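Here the structure comes first, spelled out in structure tokens, and everything after it is commentary.
Quick caveat: nothing in here was measured; it's all calculated off a predicted structure. We use all heavy atoms of the structure for the numbers below, so side chains are in, but hydrogens, waters and symmetry mates are not.
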Amino acid sequence: MNQSASKSGLRTLTVVIITLIALFLLVGGVWLATIGGSFYYVIAGVLLLIVAVQLYKRASGPLWVYAALMLGSVIWGVWEVGTDFWALAPRLDILGILGLWLLIPAVTRGIDNLTSSKVALSSTLAIAIVVMVYSIFNDPQEINGVIQTPQPAQAKAVDGVAPEDWPAYGRSQGGERYSPLTQINDKNVKDLKVAWTLRTGDFRTANDSGETTNQVTPIKIGNNMFMCTPHQHLISIDPATGKEKWRFDPKLKTDKTFQHLTCRGVMYYDASNTTEFATSLQAKKSSSTECPRKVFVPVNDGRLVAVNADTGKACSDFGQNGEVNLQEFMPYAYPGGYNPTSPGVVSGTTVVIAGSVTDNHSNKEPSGVIRGYDVNTGKLLWVFDTGAADPNAMPGQDTQFVHNSPNAWAPLAYDSKLDIVYVPTGVGTPDIWGGDRTELKERYANSMLAINATTGKLVWNFQTTHHDLWDMDVPSQPSLADIQDKSGQTVPAIYVLTKTGNAFVLDRRTGQPIVPITEKPVPQTVKWGPQTKGEFYAKTQPFSDFNLAPKDKLTDKDMWGATMFDQLMCRVKFKRLNYDGIYTPPSENGTLVFPGNLGVFEWGGMSVNADRQVAVMNPIGLPFVSRLIPADPNRQPVARGAGTEQGMQPMYGTPYGVDISPFLSPLGLPCKQPGWGFVAGVDLKTHEVVWKKRIGTIRDSLPTLFQLPPVKIGVPGLGGSISTAGNVMFVGATQDNYIRAFNVSNGDKLWEARLPAGGQATPMTYEANGKQYVVIMAGGHGSFGTKMGDYLVAYALPDKN
């Protein structure tokens, strides 16, 4: 083949490629335009066809036309999404590469008067490059403020918790996730190194659920650290060395039908601690029991186990041989149907425990009842059944709890001065269709319940979502903090974070709002497809003035992809789904749910520094699609349990099943543009977001062959953050395997370290032998797709020579 023929072939190949791109954009663009979307793709397709024809005919204008297309695309992109690098990338990447290709002499050889048109095309490509480079440093999604409030010289004592300890899931049972330690601070955190690593040896097996996860936050009291594993092995650890002292195996009986296999944390009780807990006569006498110091472990097959904190042996005087059966008096009981995954709370007399109920399986599931047991004997003291006419009615030989009553799967919180336990509840399953729900079944759903820890009587309740059809549970442990109201008075507050992004701030004594809450109208109809059978919708929903939701309503401008091709398809998919903002009703056609099932906030919660009146958190935003599938409500279940929270869910006993999935492009990427994950700092005096930064990369989300440099994009995370008086926020959680530290004042990233597996857990910090440590569980998350492992990793500053 001679050189001339080779050049002709290159031009022909270019014409074919441009023609194919043009036809795709024309067909997809016309489709999008007819359903109310942007006309850009039609215009781009026409211009590319003109380029292809002129190039084929060796006419004089193809580069001029392409230069106009390139410049117009830059202007259109900036108009749609501003200077957002990741949002601009799919709008300009293919066109930019093709524009550079057209500058190759062999492609355009033989066309007259090329010099000026090449200059024009080169200029528009240069403009695109300048805009992209500028956008790297000028992200419209980030907020770059500074929290000015200084850290007080003396931290306030919290429930008698020693500064060097972390004795409960949220450090105190108030769930503040804040430590007064300052040895590690914003000046030296960059020097952190691995101090020790513990391998638990507990791995997912072939018989385990797809939702097998490592979400534990260890606790530390004195010279002991305690943690639980996915199979609920309780391990005692030397906090200075990471060496295992003893291990207790509750012999969990699990199988693939469990919707969850995890242990987020354990509870500790010390009879001699009369400051943190109530000091009743029973508590004072408890030192004579077999286990004056004990650790309570929730076991996923429906048990609560008490273990001697000193010896690792079961407390035989608690319940039956150290355990109570949480399946007792349960309707429709089956292994994994009622599943305690999160730590409860412990008062001086009572251990309070709740659990999850399998979502979206059937209308004949166990109860979501909350219970209080004697802290020493395991005797059932009280119940609060969220679906019962009398929630405190004790079960007996002829009575059971109410099936499918709203459950409380997230960690609980406790105010020892008020003796109130705060219980975040979800919706009564099935989640996505509620046509048959009674008033009683919805009375305490999606709520924050304030319950007297000694009696089980309701003090107050606040509902965060009415008639929930979107799985908008209250997903995280609330945080208690004394804050200043607008009049300057100190108010005992509770922060209730929700999947919707609302952060409800209430007086924890009464449940009255501190930050204004407004009931607003929400969508009532299904635009595409038939109306849902037998369903009704709440006319309004509560919205807090303190809200971390990404934005009020998505548009097709927010759709994304790796290229302009899958971005176009995402825009078409978006326009064909039912979506009119948050709380759009589920539908047979398919409804976009945003915030999605993972929510803006999940079980990680927030970190509150009441000393400084500052909070930090890591909100996310990833849309899901729920599609109702008509079915015979009288069909018989073919299996028990679900094994996952995504995909096809049967909802037996209702006229529908439901398919729940992330809203993804044809290439498997989120259809909503990044960021999908952030860290944020809030001034609690005003409840304004002062800074907000993207967190995380897609380094560990792609096959090794296609891995990109670890460029910040903002990825989803599961797990919470902590903060310290050293002005440092620590967080793992993200889909890439890192733990990171940020400056609490301004959100600047100060440090990051690679984890050996996914860090879908909330870290903690403590001091041992005069050294401060930061610890995180790197064990991965099954359905989240991160690398599984069994590593508990501790970081500390190097010893001085």
Side-chain angles (χ1 to χ4, degrees), residues 16-42 44-45 48 73 76-77 80-81 84-98 528-529 554-579 587-594 596-598 621-627 629 644 646-648 658-676 697-708 713-716 735 783-785:
V16 170
I17 291 173
I18 293 176
T19 301
L20 292 175
I21 294 174
L23 291 175
F24 182 92
L25 295 181
L26 273 173
V27 172
V30 169
W31 189 8
L32 177 62
T34 58
I35 55 177
S38 173
F39 280 84
Y40 164 81
Y41 298 94
V42 176
L48 283 173
S73 297
W76 168 74
E80 281 208 321
V81 298
D84 187 321
F85 175 86
W86 290 104
L88 286 171
R91 290 166 167 84
L92 303 177
D93 53 6
I94 295 296
L95 292 179
I97 293 170
L98 190 55
W528 299 101
L554 294 176
T555 70
D556 62 338
K557 296 177 184 179
D558 298 299
M559 296 304 104
W560 194 69
T563 67
M564 63 193 308
F565 309 124
D566 51 322
Q567 183 186 46
L568 170 56
M569 296 312 298
C570 280
R571 292 177 89 130
V572 171
K573 288 177 65 176
F574 172 79
K575 283 293 185 179
R576 297 185 67 211
L577 289 169
N578 283 308
Y579 178 71
S587 63
E588 294 180 33
N589 172 79
T591 292
L592 185 71
V593 181
F594 185 70
N597 293 49
L598 294 180
L622 193 66
F624 274 64
V625 174
S626 69
R627 192 180 310 277
I629 301 168
T644 180
Q646 297 182 22
M648 178 62 70
V658 64
D659 184 36
I660 301 173
S661 60
F663 183 36
L664 302 178
S665 77
L667 296 181
L669 296 172
C671 269
K672 177 196 169 292
Q673 70 186 30
W676 311 299
T697 72
I698 56 175
R699 171 172 178 173
D700 297 307
S701 302
L702 298 173
T704 303
L705 183 63
F706 300 103
Q707 278 192 3
L708 299 175
I713 185 172
V715 298
Q735 281 186 310
S783 64
F784 203 53

How long is the span from the [atom1] atom in [X] to the [atom2] atom in [Y], to the nearest 0.5 Å?
X: Cys671; Y: Asp558; atom1: SG; atom2: CG; result: 11.5 Å
X: Gln673; Y: Lys557; atom1: CD; atom2: NZ; result: 11.0 Å
X: Asp93; Y: Leu88; atom1: CG; atom2: CG; result: 10.5 Å

Where is the tightest heavy-atom contact between [X] and [Y], given as atom of each residue plus distance?
X: Lys672; Y: Trp560; result: C-CB, 3.7 Å
X: Asp659; Y: Gly647; result: OD1-C, 3.2 Å
X: Leu577; Y: Thr591; result: CD2-N, 4.3 Å
X: Ile18; Y: Leu48; result: CG2-O, 3.3 Å
X: Phe784; Y: Pro716; result: CZ-O, 3.6 Å
X: Gly45; Y: Ala22; result: O-CB, 3.4 Å

Quick check: does any side chain N or O of [X] sit under 3.5 Å from a backbone N or O of [Y], one acting as donor and the other as acceptor?
X: Asn578; Y: Trp528; value: yes
X: Asp566; Y: Thr563; value: yes
X: Tyr40; Y: Gly29; value: no
X: Lys575; Y: Trp31; value: no
X: Asn589; Y: Arg576; value: yes
X: Arg91; Y: Ala87; value: yes

query: Would Leu568 and Leu32 count as a side-chain contact (heavy atoms from CB on, under 4.5 Å) if you check the C-alpha gap in whole Å, the side-chain angles of each, and the deciding distance to 0.1 Å?
result: CA-CA 8 Å; Leu568 170 56; Leu32 177 62; 3.9 Å; yes
Hey, does [Y] have a side-chain heavy atom less than 4.5 Å from the side chain of [X]?
X: Lys573; Y: Val625; answer: no
X: Pro90; Y: Met564; answer: no
X: Ile698; Y: Val715; answer: yes
X: Tyr579; Y: Val593; answer: no
X: Val658; Y: Arg627; answer: no
X: Leu92; Y: Ser73; answer: yes

task: Applying side-chain contact (heavy atoms from CB on, under 4.5 Å), run through Phe624 and Leu598 and close with a yes or a no.
output: CA-CA 9 Å; Phe624 274 64; Leu598 294 180; 4.1 Å; yes
Plane angle bin for Phe663 and Phe574 - parallel if under 30°, tilted between 30 and 60°, otherwise perpendicular: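 Rings of Phe574 and Phe663: tilted, 30 to 60°.
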field: Steps toward ring-ring contact (aromatic ring centres under 6.0 Å, His included) verdict (Trp676, Trp86)
entry: CA-CA 11 Å; Trp676 311 299; Trp86 290 104; 8.4 Å; no
- request: Let me see the working for Met648 and Ile660 under side-chain contact (heavy atoms from CB on, under 4.5 Å), right down to the final yes or no.
  value: CA-CA 7 Å; Met648 178 62 70; Ile660 301 173; over 6 Å; no
message: One pair to check against side-chain contact (heavy atoms from CB on, under 4.5 Å): Ser38 and Arg571. What are the steps and the verdict?
response: CA-CA 9 Å; Ser38 173; Arg571 292 177 89 130; 3.6 Å; yes
